[in-house]
Protein chains: 2
Amino acid sequence: MKADTGTAGTAQDDPACSGQLPLAAQNGPVSLLVSRVARLHRIAAGKALKGLGLYPGQEFLMMHLWDAGPVRQSELIKAVDLDPSTVTKMLQRLEQAGHVRRRPDPDDRRAVLVEATDSSCGLLTEVQRAWGELEGHTLAGLDADERAQLARLLGRVEGNLCKETADCPEEARRAALR
Amino acid sequence: MKADTGTAGTAQDDPACSGQLPLAAQNGPVSLLVSRVARLHRIAAGKALKGLGLYPGQEFLMMHLWDAGPVRQSELIKAVDLDPSTVTKMLQRLEQAGHVRRRPDPDDRRAVLVEATDSSCGLLTEVQRAWGELEGHTLAGLDADERAQLARLLGRVEGNLCKETADCPEEARRAALR
DNA sequence: GAGATTAACTTGGTCGGCCAAGAAATACGC
DNA sequence: GCGTATTTCTTGGCCGACCAAGTTAATCTC
């Protein structure tokens, strides 16, 4: 209904007009930026982790397991703040991949204890390295001040979205400490 | 196999030490922040869009269609920079939901022309509103300077990750203009 | 202690994403 | 022209993520 490109179909006869921002997103340029950065970042992380036999998302589960040792699944769920069913399925796959071990909790027969396997601990180092590289790519060209600024602003944004979503671990953590 | 928390298992007897950041992510605190913000932002967007009959992600497709009018599917794919199969399936669902119409391109019998339906154009306004609200929540409490800073820094980050991923529309757009 | 409630998973379904492989039509090379 | 790419889209499979509904076990109530 506009943009009758006509010519080639390459659709970029929009020279310096309207700033190539979708009309529907004019009200939220930063949100659009966040979405794009999010996607690119996830792709980059996925690429780095693929070589390690991890799918994007599983890293966070493993990180918590590496840090906390054997935990009840319910606690893991709270920690990563995901849907229980999501965690169940991820753990099934991680278990089959040999990165995780699960056993029933003797003290509570409906609960399950989860821990990282020894073999997975080799991954820890590599994930740390990959995560560091990712950080490097992400922040390339930013000096220390800018990095601190970005971290600070993202922290504020996280707080904002947490309050909105209301199920943020941040708030829970803070509340638990009082 | 570390963090012999021992005591309760609540795993937060870590008072003011190491800053509650996963060990594996110590090398990438900003990356972790980005991931968390990304997820929260997507959830918030999804919530806002759910009432409109859109699933998270479909917005971007619709935005391009609203802006560009009837386009070939291949162009849509380049615009949103998604996998062709992803777009195919999303369009099938959007078509069944009545938000999109598809017809074969008379000039190229393997191509498909896609356009937003009239009924979907009512959504445009609501998506704009929702997107504006989302922006509001996201940036609540940030003054104009901070917002500009955040946008600028996110732009830089996007550029960085684009170069890495190499298939960013940004670069392509810029390259096409030279 | 029997019954209702809550907590801790699991299963099935759906959607957004990706990859790999295929089918169909166009473009290219000769 | 004919055969070979190349483009365009589709299908199937997999994974992360959600919701809804169900199962089993603990807990709370009386």
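All chains are named by letter (A, B, ...) in the order of the sequence lines, taking the proteins before the strands, and each is independently numbered beginning at 1.
Straight-line distance from the CG atom of B/L76 to the C1' atom of D/dC9: 13 Å, rounded to whole Å. One can place CZ of B/R39 at 11 Å from C1' of D/dG16, the figure rounded to the nearest angstrom. A/Q58 places its CD atom 12 Å from the C1' atom of D/dC14, with the value rounded to the nearest Å. Atom-to-atom, CG of B/D83 to P of D/dT10 comes out at 13 Å; the value is rounded to the nearest Å. Atom-to-atom, CZ of B/R36 to P of D/dA17 comes out at 15 Å; the value is rounded to the nearest Å. Taking atom CG of residue B/L40 and atom P of nucleotide D/dC18, one finds them 11 Å apart after rounding to whole Å.
Residues passing the salt bridge (charged side-chain N to carboxylate O under 4.0 Å, His left out) test with B/R147: none are found, sequence neighbours excluded. In this structure B/R72 satisfies the salt bridge (charged side-chain N to carboxylate O under 4.0 Å, His left out) test together with B/D108, sequence neighbours excluded. Remark: B/S119 pairs with B/T117 by the side chain to side chain donor-acceptor pair (under 3.5 Å) rule, at least two apart or across chains. In this view, B/E146 and A/R152, A/L153, A/R156, B/L142, B/D143 satisfy the side-chain contact (heavy atoms from CB on, under 4.5 Å) rule, not counting sequence neighbours. Under the rule for a side chain to side chain donor-acceptor pair (under 3.5 Å), the partners of B/S120 that lie at least two apart in sequence or sit in another chain are B/W66. Every side-chain contact (heavy atoms from CB on, under 4.5 Å) that A/A48 has, sequence neighbours left out, goes to A/A130.
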Just list the side-chain donor-acceptor pairs under 3.5 Å for residues 90-106 of chain B, sequence neighbours left out, or say none.
{"from": "B/R102", "atom 1": "NH2", "to": "B/Q73", "atom 2": "OE1", "distance (Å)": "3.2"}
{"from": "B/R103", "atom 1": "NH1", "to": "B/E115", "atom 2": "OE2", "distance (Å)": "2.8"}
{"from": "B/D105", "atom 1": "OD1", "to": "B/D107", "atom 2": "N", "distance (Å)": "2.8"}

For residues 51-61 of chain A, tabulate all N or O donor-acceptor pairs below 3.5 Å that involve a side-chain atom, not counting sequence neighbours.
{"from": "A/Q58", "atom 1": "OE1", "to": "A/Y55", "atom 2": "N", "distance (Å)": "3.0"}
{"from": "A/E59", "atom 1": "OE2", "to": "A/G57", "atom 2": "N", "distance (Å)": "2.7"}

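Applying the 4.0 Å criterion to OP1 and OP2 of D/dT8, one finds that B/R102 has every side-chain N and O outside that range.
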Could you run down the sub-3.5 Å N/O contacts of the protein with nucleotides 24-27 of chain D?
{"from": "D/dA26", "atom 1": "OP1", "to": "A/R109", "atom 2": "N", "distance (Å)": "2.8"}

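Listed candidates were D/dC9, D/dC15, D/dC18. Nearest to the side chain of B/I43 is D/dC18.
Residue A/I77 is classed as having no contact, given no heavy-atom separation below 4.0 Å to the nucleic acid.
Here side-chain hydrogen bond (donor to acceptor under 3.5 Å, both in side chains) pairs that include residues 127-136 of chain B, with residues two or more places apart or in two chains, are A/S31-B/E135, B/R129-B/E133.
Residue order along DNA chain C, read from the 5' end via each residue's closest nucleotide, puts A/S74 first among B/L82 and A/S74.
Ion pairing between a basic and an acidic side chain is recognised when a charged N comes within 4.0 Å of a carboxylate O; A/R39 and B/D81 show such pairing.
Bounding nucleotides for the chain A contact on DNA chain C, 5' to 3', at a heavy-atom distance below 4.0 Å, are C/dA7 to C/dC18.
Proximity of a side-chain donor or acceptor of B/T86 to a complementary backbone N or O of B/L82 within less than 3.5 Å is not detected.
The stretch residues 85-97 of chain A comes close to DNA chain C through A/S85, A/T88, A/K89, A/Q92, each having a heavy atom under 4.0 Å from the strand.
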